[in-house]
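Per chain, numbering begins at 1; letters A, B, ... match sequence-line order. What you see is a predicted model; the values in this text were computed from it and never measured.
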Amino acid sequence: MSEVSKEYNFSYIEEKWVKSWDSSIYHFDWESKKPQYIIDTPPPYPTGNFHIGNALNWCYIDYVARYKRMQGFNVMFPQGWDCHGLPTEVKVEELNHITKNQVPREEFRRLCEKLTDEAIVRFHKSMGRLGLSIDWSNEYVTMKPEYYGKTQTSFVRMYENGQIYRDDHPVNWCPRCGTAIAFAEVEYDTRTTTLNYMRFVSEEGEMQIATSRPELLPACVAVAVNPNDERYQKFIGKTVRVPIFNYEVPVLSDSVVDTSFGTGIVMICTFGDRQDVRWWMEHHLPLRQAIDREGKLNAIAGPYQGLSVTETKNKITEDMKNEGIIFKQEPLEQNVGLCWRCKTPIEILSERQWFVKINAEEIKKAADEINWVPPHMQVRLKNWADSVEWDWCISRQRIFATPIPVWYCRACGEVLVAKEEWLPLDPNQKQPSVKCKCGSSDFIPEKDVLDTWMDSSISALAVAGWPNRKDLRMPTQLRPQGHDIIRTWAFYTILRTQSLEGMRPWDTILINGMALGEDGHKMSKSLNNFIRPEEVFEVNGADALRQWGAMGGSPGNDIMFQWKEITAASRFQQKLWSIFRFALPLIADVDASPCQVDRWLLGELDQLIDKTTQAMDAFQFDETMKAIRGFAWETLADNYIELVKARLYGPDSPEKRAAQSTLFKALETIARLMAPFTPFISEEIFHTLRGKSVHVQSWPKTSGIAVDPAGLAIKEIAASLRRYKAELGMALNSPLPGIVVYSELGLETFDLSGVANSNVDSRTTGPEIEMKPVAVKPQMKILGPRFKDKSGKIIKALGGMDPADVASQKAKGSIAVLVDGETIEVPPEAAEIVMETLSAGLAVDVLRLEKATVLVRR
RNA sequence: GGGCCCGUGGUCUAGCUGGUUAUGACGUCGCCUUGACAUGGCGGAGGUCAUGCGUUCGAAUCGCGUCGGGCCCA
């Protein structure tokens with residue numbers, strides 16, 4: 001018990017506990033009778049390393065998981081890995097100096113799996129070191145058949161209930177990745193391009209059209225003007241000849257056409273942008289697709305066939321300039337859609353793809369049943385739901401993803417979707433065991449694979465036991481995630497849960513902010529503001545990082561990483577350690593009747609428990625941790641411990657035992673309250689005190705002890721005596737000739753004499769000194785609601801009155817205030833009297849407090 | 001162009017279902033080596049709560065506008 005080091009050796013203690021903790025205490029118990037608390041943890045993309053942003057998110061999750069466990073819930077804190085996707089494919093190509101088509105499909109997939117497995121191992125290590133209470137018995141890996149079989153089951157069921165269909169439809173296409181992508185994967189950026197003014201010829205004369213994409217000329221299917229545009233009335237309903245390619249297209253009128261952009265005449269192509277798609281559908285225009293899947297021009301483009309989009313743009317511009325078709329060019333700032341992974345400008349192509357129906361109303365309805373923290377984040381989901389125009393394209397032309405369990409009959413083209421009991425499977429590896437309706441058994445496997453969000457959007461269902469468990473544990477209780485993926489992960493999860501099980505996926509969604517670098521920008525290697533969690537573990541330890549996560553800001557707001565915050569956190573750790581080191585040889589877990597100061601401390605402790613419980617229930621980790629810190633540092637260390645030192649160092653007595661047990665209780669409670677935040681130091685302290693793990697303890701409950709006003713008065717007297725000595729330049733332990741405290745509360749003297757190192761007398765009456773009212777302090781809370789617009793004048797009048805007069809009226813029960821010649825009766829509680837002690841002529845100094853008066857002999 | 005959020009002492013930040021001395025941390029200044037801790041203790045300085053108008057007896061807090069920043073999207 002005595003070999004507590006002076007300095008807190010965080011690395012030794014944290015590593016000791018990482019090694020010796022039994023992680024099975026964090027396992028979800030499927031048989032338990034306790035209320036469940038299932039967390040739909042984000043499955044990170046296992047590539048690179050676990051970074052500070054991850055650390056912050058997982059800290060939030062861990063605070064909740066540990067707190068809920070202590071509150072008696074059967075908690076599931078699972079961990080999944082969202083493996084599939086392009087970044088890993090690209091990385092594999094890089095590392096092995098191959099492209100995906102140079103090796104067999106299966107071989108390529110194996111390379112991706114290997115890379116992913118390695119990343120998962122790294123993540124495991126970082127997460128363990130951070131002290132996360134993850135339930136590894138509920139780990140899932142989306143690239144493993146056990147999981148992607150579930151994804152496939154969800155595909156089959158949604159196909160069968162009509163939520164999934166296959167169709168020709170315009171899709172966002174990334175020519176570099178060679179795949180369709182969803183709207184959620186398109187990002188926008190401003191680029192400077194050229195606006196070209198071209199001459200088209202019609203029977204009514206020349207039409208001048210401005211376009212930024214001349215290479216789409218062969219895909220032109222119509223020309224449109226605004227119906228209210230007087231300049232072009234005569235063209236409406238006529239046809240116009242597309243130059244170079246020499247074919248006629250109709251001239252349409254549409255009120256969406258912006259008369260002030262370019263010439264006010266717009267060329268509609270299939271497809272230049274989303275607006276083209278809208279027009280194409282509304283006006284039932286034909287399809288002229290000029291760009292192929294590699295982003296090259298096809299046969300329809302005649303002389304430009306085989307050239308890339310950029311090459312065509314340059315060449316056709318040149319040709320048209322030479323022929324005088326383009327007569328003017330100007331720069332144009334334009335927002336271009338980019339593939340969010342590779343930043344290549346996307347094209348819109350019409351392709352046969354698989355789609356999931358999006359029912360925006362149902363999604364919004366489900367979102368309404370979910371508790372959003374903070375509430376305003378729900379608006380983002382609603383805005384997104386309202387702006388979705390096409391269904392969700394879920395097929396991808398890649399390899400490392402969940403296979404679409406479908407074949408096509410070679411003879412009749414019929415679609416054969418796998419039966420649930422065949423899953424998991426890869427149609428490229430396995431032929432179906434049934435015949436097609438037409439009698440043929442020759443099938444072509446579907447080569448396309450599923451969008452990664454198809455995997456991750458069933459995470460809530462998967463952890464809750466879907467599809468096999470009879471007792472499906474839906475809805476889950478909590479979805480923690482970042483605001484950057486509300487339109488994807490949150491949106492798709494709600495959609496899928498709604499469509500597969502007809503319910504909301506979670507009770508609560510907790511949105512966390514992003515972790516920013518010390519310069520206030522998003523952490524990135526290129527900005528050189530990148531901090532690895534391991535650096536922090538080495539310098540100040542995992543508990544310090546976890547404290548920063550709690551105290552750095554409130555959830556939902558972005559939070560800046562700052563070393564000084566980490567340092568501050570580790571100072572508190574050291575402070576706590578010093579308290580522990582001081583207390584350990586002196587405390588005892590004994591029954592004792594608490595003294596006044598003890599009852600003050602225990603009352604404060606009760607208030608702390610109340611406050612932290614409320615804050616935790618509202619996910620206010622910053623409030624919680626600040627309250628604990630304030631209690632431990634100020635209330636306990638700076639005040640209580642200083643007050644009871646004399647008792648603790650003194651001979652055995654009921655008073656000493658009272659201090660010993662109070663301090664014991666305070667320390668034990670702090671260890672419990674901090675366990676969700678700082679699991680290591682909390683464990684070290686609690687385990688030393690109790691010989692058991694703090695992580696299987698319950699959250700502290702209040703003991704019903706109110707703050708003792710006498711104890712509070714003693715604490716305040718001690719503080720004012722310290723101030724008194726400081727003002728006189730005395731050492732804080734220098735003795736005073738004599739102190740007398742006067743209070744109706746009947747104050748105990750032993751703690752005061754100890755802390756002041758002086759003799760203290762306590763009296764319940766007196767002292768015989770003169771008190772003089774010197775000011776009146778109006779109470780707005782009383783006056784405002786009662787007197788409304790008159791309160792301003794009443795305050796002024798009260799301030800102008802003789803304080804002594806107000807005091808005597810107040811004592812009689814009512815105060816008469818003269819306002820604009822009118823006498824108004826004001827209740828006594830509306831005015832507080834500020835008193836001053838007249839000590840002139842006395843050989844004492846007087847310290848006047850709310851509940852006590854102290855005379856100090858000079 | 002639209003939506004959402006934010007703008008609080010030198011820095012970061014709490015409060016924001018309105019009530020008059022605005023929270024805490026870091027920094028800064030002065031004092032104190034008191035038997036857990038100088039990575040400490042005590043005390044102080046420092047803010048027109050971005051800005052303008054409005055609602056109200058009363059606004060950091062509610063409304064509108066402006067300026068600045070961030071995020072999501074068109």
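Screening residues 538-552 of chain A for salt bridge (charged side-chain N to carboxylate O under 4.0 Å, His left out), with sequence neighbours left out, gives Asp62(A)-Arg546(A).
Rounded to the nearest Å, the gap between the C1' atom of G24(B) and that of A50(B) is 22 Å. Using P as the reference atom, U55(B) and C12(B) are 34 Å apart when rounded to the nearest Å. Separating the P atom of C62(B) from that of G44(B) is a span of 32 Å, rounded to the nearest Å. Using atom P as the reference point in both U11(B) and C64(B), the two lie 29 Å apart (nearest Å). Nucleotides A14(B) and C53(B), compared at atom P, are 28 Å apart to the nearest Å. Annotation: G47(B) and G7(B) have their C1' atoms spaced 14 Å apart (nearest Å). On the C1' atoms, G70(B) is 48 Å away from U33(B), given to the nearest whole Å. Between G35(B) and G41(B), the two P atoms lie 15 Å apart (nearest whole Å).
For Lys382(A), the salt bridge (charged side-chain N to carboxylate O under 4.0 Å, His left out) test picks out Asp368(A), with sequence neighbours left out. Scored by the salt bridge (charged side-chain N to carboxylate O under 4.0 Å, His left out) test, Glu347(A) finds Arg213(A) as partners (sequence neighbours excluded). A search for side-chain hydrogen bond (donor to acceptor under 3.5 Å, both in side chains) contacts involving Lys645(A) returns Glu642(A), not counting sequence neighbours. For Glu623(A), there are no side-chain hydrogen bond (donor to acceptor under 3.5 Å, both in side chains) partners, not counting sequence neighbours. Checked against side-chain hydrogen bond (donor to acceptor under 3.5 Å, both in side chains), Glu825(A) has the following partners two or more places apart in sequence or in another chain: Ser814(A). Remark: Glu361(A) pairs with Lys364(A) by the salt bridge (charged side-chain N to carboxylate O under 4.0 Å, His left out) rule, at least two apart or across chains. For Tyr724(A), the side-chain hydrogen bond (donor to acceptor under 3.5 Å, both in side chains) criterion is met by Asp845(A), not counting sequence neighbours.
Close to A14(B), at under 4.0 Å from its OP1 or OP2, lies a side-chain N or O of Asn557(A). Under 4.0 angstrom from either OP1 or OP2 of G43(B) there lies at least one side-chain N or O belonging to Arg723(A). Phosphate proximity of G43(B) to Lys725(A): absent, as no side-chain N or O sits under 4.0 Å from OP1 or OP2. Remark: Lys6(A) is in phosphate contact with A38(B), judged by side-chain N or O atoms under 4.0 Å from OP1 or OP2.
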- [ ] Given side chain to side chain donor-acceptor pair (under 3.5 Å), test Thr749(A) with Ser753(A) step by step and report yes or no.
- [x] CA-CA 6 Å; Thr749(A) 58; Ser753(A) 58; 5.4 Å; no

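Closest approach to the Glu634(A) side chain among C71(B), A25(B), G15(B) is made by A25(B) (side chain taken as heavy atoms from C-beta onward). Checking C4(B), G15(B), G41(B) against the side-chain heavy atoms of Asp638(A) singles out G41(B) as nearest. The Arg380(A) side chain lies nearest to C72(B) when the options are C12(B), A25(B), C72(B). Side chain of Asp558(A), nearest nucleotide from G70(B), A14(B), C12(B): G70(B). Comparing atom distances between the Arg722(A) side chain and each of C12(B), C42(B), A14(B) picks out C42(B) as nearest.
Mapped onto RNA chain B by nearest heavy atom, Gln620(A) and Met377(A) fall at different nucleotides, with Met377(A) at the one closer to the 5' end. Both Phe580(A) and Met551(A) sit near RNA chain B, but only Met551(A) has its closest nucleotide nearer the 5' end.
Here G41(B) presents its C1' atom at 8 Å from NZ of Lys575(A), a figure rounded to the nearest Å. Atom C1' of nucleotide A25(B) and atom CD1 of Ile566(A) are separated by 13 Å, given to the nearest angstrom. The distance from atom CZ of Phe572(A) to atom C1' of G41(B) is 17 Å, rounded to the nearest whole Å. Counting to the nearest Å, the P atom of G41(B) and the CD1 atom of Ile579(A) are 9 Å from each other. Taking atom CE of Met625(A) as the reference point, atom P of U23(B) lies 21 Å away to the nearest angstrom. Rounded to a whole Å, the OH atom of Tyr8(A) is 19 Å from the P atom of U39(B). As rounded to whole Å, 11 Å separates atom P of C37(B) from atom CD of Glu7(A). Rounded to an integer number of Å, the gap from CG of Asn757(A) to P of G41(B) is 21 Å.
Looking only at distances, no side-chain donor or acceptor of Glu655(A) sits under 3.5 Å from a matching main-chain atom of Arg647(A). In this structure a side-chain-to-backbone donor-acceptor pair under 3.5 Å is missing from Trp372(A) to Val379(A).
Heavy atoms of Ala583(A) sit nowhere under 4.0 angstrom from any nucleic acid atom. Within the 4.0 angstrom heavy-atom criterion, base atoms lie near Gln574(A). Across all strands, Ile641(A) comes closer than 4.0 Å to base atoms (heavy-atom distances).
A side-chain N or O of Trp392(A) and one of Asp451(A) form a donor-acceptor pair less than 3.5 Å apart.
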For nucleotides 57-61 of chain B, tabulate all protein N/O to nucleotide N/O atom pairs closer than 3.5 Å, reporting atom names and distance.
from, atom 1, to, atom 2, distance (Å)
C57(B), O4', Lys788(A), O, 3.0
C57(B), O4', Asp789(A), N, 2.9
C57(B), N1, Lys788(A), O, 3.1
C57(B), O2, Ser791(A), OG, 3.3

Open item on the list: Does the protein touch nucleotides 26-32 of chain B at the base, only the backbone, or not at all? Give it as B, S and - per nucleotide, heavy atoms under 4.0 Å.
Closed with: B------

Distance-only check: which donor-acceptor pairs under 3.5 Å involve side-chain atoms of residues 633-640 of chain A, not counting sequence neighbours?
from, atom 1, to, atom 2, distance (Å)
Asn639(A), OD1, Arg722(A), NH2, 3.2
Asn639(A), ND2, Glu634(A), O, 3.1
Tyr640(A), OH, Asp598(A), OD1, 2.6

- [ ] Go ahead and write out RNA chain B as dot-bracket, 5' to 3': ( ) for pairs within the strand, [ ] for ones crossing earlier pairs, | when the partner sits on another strand, dots for unpaired; Watson-Crick or G-U wobble, both distances under 3.5 Å.
- [x] (((((((..(((......[....))).(((((.......))))).....(((((..]....)))))))))))).

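Residues Tyr63(A) and Phe677(A) place their aromatic rings such that the two centres sit under 6.0 Å apart.
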